[in-house]
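Sequence lines set the chain letters: A, B, ... in the order given, protein chains first and strands last, and positions in each chain run from 1.
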Amino acid sequence: MNTHRLWISFYTMLRKDVVRMFRIWVQTFLPSVITSSLYFLVFGTVLGSRIGEMQGVDYMTFVVPGLVMLAIVTTSYANTSFTFFSSKFFARNIEEILVSPTPPWLMIAGFVAGGVVRGVITGALVLLVSLFFTGLSLSIHSLFIILGFAILTCLVFALAGLVNGIYAKTIDGINIVPTFVLTPLVYLGGIFYSVESLPSWWQAITFSNPLFYLINGFRYGFLGFSDVSLSLALTILMAMVAALIAINWYLIRTGLGLKQ
Amino acid sequence: MSSPALKITDLKKRYNNGTEALKGVSLTVPAGDFFALLGPNGAGKTTIIGISTGLVNKTEGSVEVFGHDIDKEPELAKAQIGLVGQEINFNPFEKPIDIVINQGGYYGIPREEAIPRAEQLLKDLGLGEKMNVRGMELSGGMKRRLMIARALIHKPRFLVLDEPTAGVDVELRRGMWEYLKKLTSEGLTILLTTHYLEEAEQLAKHVAIINKGQIVANGTMNEILALHKDSNENNGFRGGKLEEVFIQLTSEN
């Protein structure tokens, strides 16, 4: 396929997914907005007023980047894992792409792009909601870093979700990872607290959590400070992207979890 | 001389559960042919089709589609084929028109080109009135015809039909065959698997019969029918000539 045809194939996959997510927006966008609103209400407004400040800023301001990141991580992951799994397992329409000349790398790009779009839109919606709770005041240190980390994080978790979607053999297979791996990593990754407030043994564990670096890098974009260096966070993010692309490519190329 | 539409050499397939589905199948489907691949359930027909279209991994052997090896030039090989699978495999929440247009997109056909082509195909296959309803609202026969329209959107040179008339009533089946015969007269090669042997007898120029992963007969329709032996061991039931040959070649004894 020449470049123009490759682009059309990519656009078709992305368009189809975006049309789907907007058609069922109550399922794709609304849950994260409602969940985040509850977090803002409980942790920000109710408990936050008792906590006071975290790293020199009021608690609500501290918690906003983490909650936006939580929405980004969960929705970009869920989008690719569920979309791929359902097209493989329920309707079996993944065969429409498998029989076509669309190469494996483009198939990955098409599905992942859908996850990135949903993650970015959901993140933006949660950020908008946060304005209501912060009295329309939002600290932005670097829009470039915010967007960069948001898109790279969407990429990482859309890729991770795709691995899960390809490999899962039952519907439980796509629920286990988010419930037992992703959620604990996100919650223990410093959304609600600074690593400075933890005992040293817990700090050591936190430093081995990749989500901690993403959340802190993203928070740096808003507040201008972070528990970790920006370059380290970015390096970890890039390494995760590279590793997950390689895993996805191998799985689709060999047909593991896809073909008999 | 042009390359055959499909050239399969010593194809073997062993599934992970140990089942040996293909035991060294060799087969050639000439370009422009209407070729029937017949066999009882579990004989290996769908495995051959799955491997040829990129849905199943082979264990050994080679497959070429119009001269393009499926391992060395998978994209070129796939671009030549349109597949109508045995199972309904489209998203039931999507509209037929979108299903067909999107399929064109996966082959790199721009929407402005795919839209009129998809509309025409759906009309030709009697789905003009149904192109904007959800796929789940179609009857069984309509779903089959939608899958044919989807398989033809990129104008393939080689159409693979894996039991396309299962569950389709007689009148619709006839309409479907008339349409496909017209396409073969325009140069399209068709590989058909079916359990309706009387249809295969009327439509196909060449036939291969597969049993337990091995080709047991392969030739022109006349050559295969010539294998027919008159027998009284049929308890009084008699089918068409091809059916009789099929039973002779695939029965246990």
Side-chain angles (χ1 to χ4, degrees), chain A residues 1-24 27-28 82-111 113-114 169 250-260, chain B residues 13-17 19 21 46-47 49-59 68 73-95 98-114 135-136 147 150-151 153-154 156 160:
Chain A
M1 283 173 104
N2 61 33
T3 312
H4 182 58
R5 284 180 177 266
L6 290 172
W7 164 250
I8 291 168
S9 180
F10 171 78
Y11 173 74
T12 303
M13 286 186 275
L14 178 59
R15 185 182 186 279
K16 186 178 166 181
D17 199 16
V18 172
V19 167
R20 180 196 64 85
M21 69 180 77
F22 276 95
R23 192 181 64 222
I24 52 167
Q27 294 170 50
T28 49
F82 186 75
T83 308
F84 196 92
F85 180 77
S86 61
S87 63
K88 177 183 84 167
F89 192 77
F90 297 122
R92 293 184 55 188
N93 59 320
I94 193 68
E95 292 179 1
E96 293 174 342
I97 306 176
L98 289 176
V99 300
S100 79
T102 302
W105 64 267
L106 192 66
M107 202 168 152
I108 296 168
F111 276 93
K169 294 192 170 48
Y250 176 76
L251 287 175
I252 293 185
R253 182 80 185 151
T254 57
L256 266 177
L258 255 185
K259 299 181 188 177
Q260 292 173 304
Chain B
K13 173 65 186 177
R14 182 188 289 275
Y15 285 103
N16 291 340
N17 63 9
T19 305
T46 300
T47 301
I49 288 173
I51 291 170
S52 305
T53 54
L55 295 177
V56 176
N57 287 331
K58 64 185 167 61
T59 307
H68 302 292
E73 303 172 300
E75 278 97 34
L76 286 171
K78 286 177 175 182
Q80 317 293 326
I81 306 183
L83 171 67
V84 180
Q86 199 176 109
E87 308 288 338
I88 304 294
N89 64 348
F90 55 78
N91 186 338
F93 296 100
E94 287 178 28
K95 297 172 187 169
D98 293 331
I99 290 169
V100 180
I101 292 167
N102 285 337
Q103 189 66 25
Y106 302 140
Y107 285 83
I109 301 167
R111 284 182 70 79
E112 60 272 21
E113 196 180 323
M136 63 171 70
M147 287 166 68
R150 184 181 64 179
I153 185 68
H154 61 290
V160 179

Are there over 12 heavy-atom neighbours, none belonging to A/F90, within less than 6.0 Å of that residue's CZ? yes

Gap separating the CZ atom of B/F90 from the OG atom of A/S87, nearest 0.5 angstrom: 15.0 Å

Atom group of B/I88 that falls short of 4.5 Å from chain A, counting heavy atoms: backbone

If one checks every heavy atom of B/N16 against chain A at 4.5 Å, the contacting part turns out to be neither

Quick one: what part of B/L55 sits under 4.5 Å from any heavy atom of chain A, side chain, backbone, both or neither? both

Chi angles and distances behind the salt bridge (charged side-chain N to carboxylate O under 4.0 Å, His left out) call for B/E94, A/K16: CA-CA 10 Å; B/E94 287 178 28; A/K16 186 178 166 181; 3.3 Å; yes

Smallest separation among heavy atoms of B/E75 and A/P103, with atom names: OE2-CB, 3.5 Å

With rounding to the nearest 0.5 angstrom, report the CE to CG distance, A/M13 to B/N102. 10.5 Å

Given the options B/K13, B/E87, B/H154, B/Q103, which has more heavy-atom pairs under 4.5 Å with chain A than any of the others? B/Q103

Hey, could you give me the CZ/CG distance between A/R92 and B/N91, rounded to the nearest 0.5 Å? 14.0 Å

Can you tell me which of A/R5, A/H4, A/R23, A/M107 forms the most heavy-atom pairs within a distance under 4.5 Å of chain B? A/R5

If I measure from the heavy atoms of chain A, does B/Y15 come under 4.5 Å with its side chain, its backbone, both, or neither? side chain

To the nearest 0.5 Å, what is the distance between CZ (A/F10) and OH (B/Y106)? 12.5 Å

If the test is side chain to side chain contact (heavy atoms under 4.5 Å, CB included), which one of A/I8, A/V99, A/T12 qualifies with B/Y107? A/V99

pair A/S100-B/K78: side-chain heavy atoms closer than 4.5 Å: no

Hey, are the side chains of B/R111 and A/Y11 touching, using non-hydrogen atoms and a 4.5 Å cut-off? yes

Scored by heavy-atom pairs under 4.5 Å with chain A, the best of B/V56, B/L76, B/N57 is B/N57

